[in-house]
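Worksheet: one structure, shown below.
Numbers restart at 1 for each chain; the letters A, B, ... are given by sequence-line order, proteins then strands.
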2 protein chains.
Amino acid sequence: MTKDLESYSEEGFIRENIQSNQIENKISTEPSLSVDCVIFGFDDQVLKVLLIKSDQPEFLGLWSLLGNKLKMNEDLDAAAERVLYERTGLENIFLEQTKTFGSINRHPEGRIVSIAYYSLLNINHIQLQKTDNDLHWHPVSEVGKMAFDHNLILETCYQTLQKKVLTEPIGLNLLPETFTLRDLQLLYEAILGTSFDRRNFRKKFFSTKLLVDRNEIEKEVSHRPAKLYSFDFEQYNKIKNSRFSLV
Amino acid sequence: MTKDLESYSEEGFIRENIQSNQIENKISTEPSLSVDCVIFGFDDQVLKVLLIKSDQPEFLGLWSLLGNKLKMNEDLDAAAERVLYERTGLENIFLEQTKTFGSINRHPEGRIVSIAYYSLLNINHIQLQKTDNDLHWHPVSEVGKMAFDHNLILETCYQTLQKKVLTEPIGLNLLPETFTLRDLQLLYEAILGTSFDRRNFRKKFFSTKLLVDRNEIEKEVSHRPAKLYSFDFEQYNKIKNSRFSLV
DNA sequence: TTTCTATTGTGTAAAAATTACACGTAAGAT
DNA sequence: ATCTTACGTGTAATTTTTACACAATAGAAA
């Protein structure tokens, strides 16, 4: 793997045009391209996002999304997968492009256009890698002011998630392999910021036939234990292009 | 307006790396950025898209979307607005980013990442400008093989349109200022490729209160004339963040 | 061992939304 | 005068959504 385009700050940029806040990479007249990933996880009944501390001088101390420069020989999705892999060690994870952000002054090092992705993963499976810059999980509702335009990117991806979770069962990517209906309902309530009637929620979800009864019950809870379910990927592929509406 | 970055083919690129099908713009190691616009219009009861003939040697004779290189000092939306303005003379038109396309080999002149937009306009208002390259309107259903990955871009934007038209009344951007309920229904049927029961369609649309009765009827039709309606932008702004579902 | 606490699992009736469906009316064309 | 074509309208049947309560079960506490 080449090391040349690993980060924006490696190459000793030359500031030439103060007025327009641009920076020239060699003598290029091209904007630079990066990907930024909003990595969502669900833990402790709370929707979380994986962040690091920015090391941009302008944004010292602020949190920032995980991102990286796009390599010249790398597809867009591959760049996002790389970011995810470098930090979580995970591959084949739900990852989807949302929107590209390219305001002229969004980045202090010059014109950097960033393609945003969001990702959904089961937080229990992962062992964070390269934990420099204080990599860790933040509740989505408690993220304060972020570096760059990352609040906007996060908000956009969060809205996409909220919208999509109503029509496609992508939420299940956030749960462990087996889960209770309570887990599922708490997940949806955390994502959407609403609450559902328990009986109606169950009815609705069972009607999709996406859930497989594992014939097991949860252990070591001090109340009546719930049945465990897992996700039926076959059924998912059947219905994923049809209609599924939670509300 | 500067003329420097007007098109990919202006600057006399140097082909250096045959193997990876890249071309180097000066000595840049950056991908280039462009916008491509899928401009939809509704005419003669058919959904159409504005295309030109590609002048890429590899794609001679094939149709291509309208696009242009992103300028260094230009926001993404502004670049798309520029493309639209140059060809139609229109401003303040519905225009929305969909997805960014950046496969390594999508463009024969090198690594060019393209941000796709789609636009909805009333075809009657417009006087096409710069009609070189055989600029004109094609029925969406009859577009054959296109240049680059433009079939994919068109398909993506069309799907976005189909999805969005069900939950937001953006379709009205495709109609003239006053229209009949028949026009409206034909529009939705053309976009979605379905047909609706006339009475139920009317009921549903009236319930949104988006339509204002103009107290006029259409002229010179050889059947009972229909009432004319226009669109209530105030009501639209009220409900645009709430729910609206046509089906 | 009994009781307490917390959460599970289940059905039905009322309300709302969606669907299916037919006929008299009005304008221009013949 | 009549034909053709599309307009404008209401209701009943069906489906979907909503609201709502109680017995059962595990561990914890007494």
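Using modelled atom types and a 3.5 Å distance limit, the side chains of B/Thr156 and B/Thr98 yield no donor-acceptor pair. At a cut-off of 3.5 Å, with distance as the only test, no side-chain donor of A/Glu96 or A/Tyr117 sits close to an acceptor on the other residue.
Taking 3.5 Å as the limit, the base of C/dT7 and the side chain of A/Arg224 contain no donor-acceptor pair of atoms between them.
For A/Arg202, the side-chain atoms get nearest to C/dT10 when compared with the rest of C/dT10, D/dA26, C/dC21. Comparing D/dA28, D/dA6, C/dA20 by their nearest atom to the side chain of A/Ser222 picks out D/dA28.
Between the CD1 atom of A/Ile217 and the P atom of D/dA24 there is a distance of 17 Å, rounded to whole Å. In this structure, the CD atom of B/Glu218 is 12 Å from the C1' atom of C/dG28, given to the nearest Å. With rounding to whole Å, B/Gln45 atom CD is found 15 Å from D/dT5 atom P. Between the P atom of D/dA19 and the CZ atom of A/Phe196 lies a distance of 12 Å, rounded to the nearest Å. One atom, NZ of A/Lys227, and another, C1' of C/dT10, lie 11 Å apart when rounded to the nearest Å. Put simply, CZ on B/Phe201 is 15 Å from C1' on D/dC7, counting in whole angstrom units. Distance A/Glu216 CD to D/dT25 P: 19 Å, rounded to the nearest Å. Counting to the nearest Å, the C1' atom of D/dC7 and the CG atom of B/Asp183 are 13 Å from each other.
Note that B/Lys209 lies outside the cation-pi zone of B/Phe206, set by a 6.0 Å cut-off to the ring centre and a 45° limit from the axis.
Between B/Arg199 and C/dC21 there is no side-chain polar atom (N or O) within less than 4.0 angstrom of OP1 or OP2. Between A/Lys204 and the phosphate of D/dT17, there is a side-chain N or O to OP1/OP2 separation shorter than 4.0 Å. Between B/Arg182 and the phosphate of D/dC7, there is a side-chain N or O to OP1/OP2 separation shorter than 4.0 Å.
Of the two residues near DNA chain C, A/His223 and A/Asp197, the one whose nearest nucleotide lies more 5' is A/His223. If A/Arg198 and A/Pro225 are placed on DNA chain D by their nearest nucleotide, the residue sitting closer to the 5' end is A/Arg198. In terms of position along DNA chain C, the nucleotide closest to A/Ala226 lies nearer the 5' end than the nucleotide closest to the other residue of the pair A/Ala226 and A/Lys203.
We find that B/Asp232 and B/Arg214 are not joined by a salt bridge, their nearest charged nitrogen and carboxylate oxygen being 4.0 Å or further apart. Ion pair B/Glu168/A/Lys163 flagged as a salt bridge, since at least one NZ, NE, NH1 or NH2 atom sits closer than 4.0 Å to an Asp/Glu carboxylate oxygen.
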